[in-house]
Protein chains: 2
Amino acid sequence: MQSTTSRSRRERPAKPALSRAGIIATAVAVMRAEGLEHVTMRRLAAELDTGPASLYVYLRNTAELHAAVLDELLGFVGLVPDRSAQWADTIVRMLWSYNGILSGHPGLARSALVTRPAGPNYLALVEGLLTLLREGGIPDAQSAWGVDILLLFATSIALEHGTRRQVMDADEDEEALEHAIHQATTSNYPTIAALGGDLLSGTPEARFGWHVRVLLNGMAMTPRPPLESEHEGLGRS
Amino acid sequence: MQSTTSRSRRERPAKPALSRAGIIATAVAVMRAEGLEHVTMRRLAAELDTGPASLYVYLRNTAELHAAVLDELLGFVGLVPDRSAQWADTIVRMLWSYNGILSGHPGLARSALVTRPAGPNYLALVEGLLTLLREGGIPDAQSAWGVDILLLFATSIALEHGTRRQVMDADEDEEALEHAIHQATTSNYPTIAALGGDLLSGTPEARFGWHVRVLLNGMAMTPRPPLESEHEGLGRS
DNA sequence: ACCTGAACACCGTTCAAGT
DNA sequence: ACCTGAACACCGTTCAAGT
């Protein structure tokens, strides 16, 4: 089993030709097995039995690779309608599902934040959210701007929690903040001192649910400003 | 001027001793001159005329370095009260200032998202926001959970826009999404097709302002759920 | 067109040894 | 304690040359 001379050449089943789809499939496999941090051009090239330069025929750069992996993963977001539930509950659950998928791979959350996803599965998610917002009676103009922040929120939380889960020093950071908050005196930071532990209270799920409801309530009742010229600043609202 | 023999040794003013503060000051200088991506352990070591290993006496790792730089920068967030403005306008402006600082250095935004900042300048920002929320009549329990999402939002937007500004392919991503949206047919993605261009309308400032107002309105009217046991899921709200 | 080896220009972090 | 050179184990991307 260890000898490499037994079959003269090509031990593996005849080294399949390269293709974008094949590269991405390999990327997903490596990610599931070892995490996104191992999904590098060099590593993938080694996996596909070639040099890193070969991959640049199919992908412009690493960002494009990660974006492709992301859309692949988004195929697993639960988009089932569930007519029995309240529309708001359904949105919370849908975003929680999206969040859960990204939490496992915070590098993908980072990718989603940075590269303007435009893959079919991402669009399906946007479509699903817009449908539910309409069903909930949110005016279209408000949904159009609101869907963005719903996804931004779920993505950021995934990046935040996901990274902390896989970085070792995360607990120390958490403790440092807790310490700082409990250290806050009335003269230092009076309001932080007054609110104290409540700033960090609640489970991630509970906070997530409340935050999404805040967004939904807010976007239902906040009228859109008129679209003004490009040069408008924040001087007055 | 080019000869190195003219003063036997130490050309620079007597190579100052290493210190955490000195390292961070150098880091800020390099960042201002060349961007955060050049603030690496190796580069800083070279700048300080030593080897990379020396820095590990003062900093656990690169993340700690970036966190220290971040708090340094947050000293420039405009925290001036401005009693004449509405409290909500003041919050928008404060977050916009915070956002602007991070937008210039998206790596710092990423750091803020990932490392639970706990430096004095970050706490001052939280304190300032909490004070304004109180002034606006938001119940304390809602402020306590709400301040988090206000900062999360401003940070994510900075990461999103800041990265896109400095990455070359950003325009292509934007175009790809625009194309996908205009491609959406009634059979594909009916609601996306219906909303069309309004999904991407508005200036960044206008969207930012509206989004913050959504958050403020939402957090004013969304009651906090009771703090339940740790094992509560999202099954029902 | 597609594929490749080799090179360029870097990284973070650790270790053993020095002062 | 503080500091260091050298090493380990990697990166992304480009280039010139091959098929």
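The analysis underlying the following values was restricted to heavy atoms, covering all of them including side chains, and did not include hydrogens, waters or symmetry mates. The chains referred to below are lettered A, B, ... by the order of the sequence lines, with proteins before strands, and numbering in each begins at 1.
Ring geometry for B/W145 against A/H211 counts as tilted: the plane angle lies between 30° and 60°, on a 0 to 90° scale.
The CG atom of B/L48 sits 16 Å away from the P atom of D/dC2 (whole-angstrom rounding). Atom pair B/D49:CG and D/dG5:C1' shows a separation of 14 Å (rounding to whole Å applied). One interatomic measurement links the two molecules: CG of A/L59 to P of C/dC3, which rounds to 12 Å at whole-angstrom precision.
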Going through the distances and angles, do B/N61 and B/E64 end up as a side-chain contact (heavy atoms from CB on, under 4.5 Å)?
-> CA-CA 6 Å; B/N61 50 39; B/E64 193 175 309; 3.7 Å; yes

Worked verdict on A/M219 versus A/L133 for side-chain contact (heavy atoms from CB on, under 4.5 Å) = CA-CA 10 Å; A/M219 83 178 66; A/L133 291 171; 4.1 Å; yes

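Residues A/I192 and A/I181 have side chains in contact (heavy-atom distance under 4.5 Å, counting atoms from C-beta outward). Side-chain contact check for A/L152 versus A/D148: every heavy-atom pair is 4.5 Å or farther apart. Side-chain atoms of A/R43 and A/V39, non-hydrogen and from C-beta on, never get closer than 4.5 Å to each other.
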Please tabulate, for the side chains in residues 69-79 of chain A, all donor-acceptor contacts under 3.5 angstrom to protein atoms that are two or more places apart in sequence or on a different chain.
{"residue": "A/D71", "atom": "OD1", "partner": "A/N121", "partner atom": "N", "Å": "3.4"}
{"residue": "A/D71", "atom": "OD1", "partner": "A/Y122", "partner atom": "N", "Å": "3.1"}
{"residue": "A/D71", "atom": "OD2", "partner": "A/N121", "partner atom": "N", "Å": "3.2"}

Residues 104-118 of chain B, side-chain donor-acceptor partners within the protein, below 3.5 Å, at least two apart:
{"residue": "B/T115", "atom": "OG1", "partner": "B/S111", "partner atom": "O", "Å": "2.8"}
{"residue": "B/R116", "atom": "NE", "partner": "A/E174", "partner atom": "OE1", "Å": "3.3"}
{"residue": "B/R116", "atom": "NE", "partner": "A/E174", "partner atom": "OE2", "Å": "3.1"}

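Scanning for ring pair (Phe, Tyr, Trp, His ring centres under 6.0 Å) contacts around B/Y98 gives an empty result, with sequence neighbours left out.
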Which letter, B, S or -, goes with each nucleotide of nucleotides 6-19 of chain C from 5' to 3', with contact meaning a protein heavy atom under 4.0 Å?
-> -B---BBBBB----

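The shortest distance between the side-chain N/O atoms of A/T50 and the OP1/OP2 oxygens of C/dT4 is below 4.0 Å.
Of all the heavy atoms in B/V92 and B/G209, the pair that sits closest is CG1-CA, 4.3 Å. Across all their heavy atoms, B/S19 and B/Y58 have their closest contact at CA-CE2, 4.0 Å.
Against DNA chain D, the stretch residues 111-119 of chain B makes no heavy-atom approach under 4.0 Å.
Taking the P atoms as reference points, C/dA9 lies 23 Å from D/dC8, given to the whole Å.
For the strand DNA chain C, secondary-structure stems (runs of at least three Watson-Crick or G-U pairs, all distances below 3.5 Å) span C:4-8 with D:12-16, C:12-16 with D:4-8.
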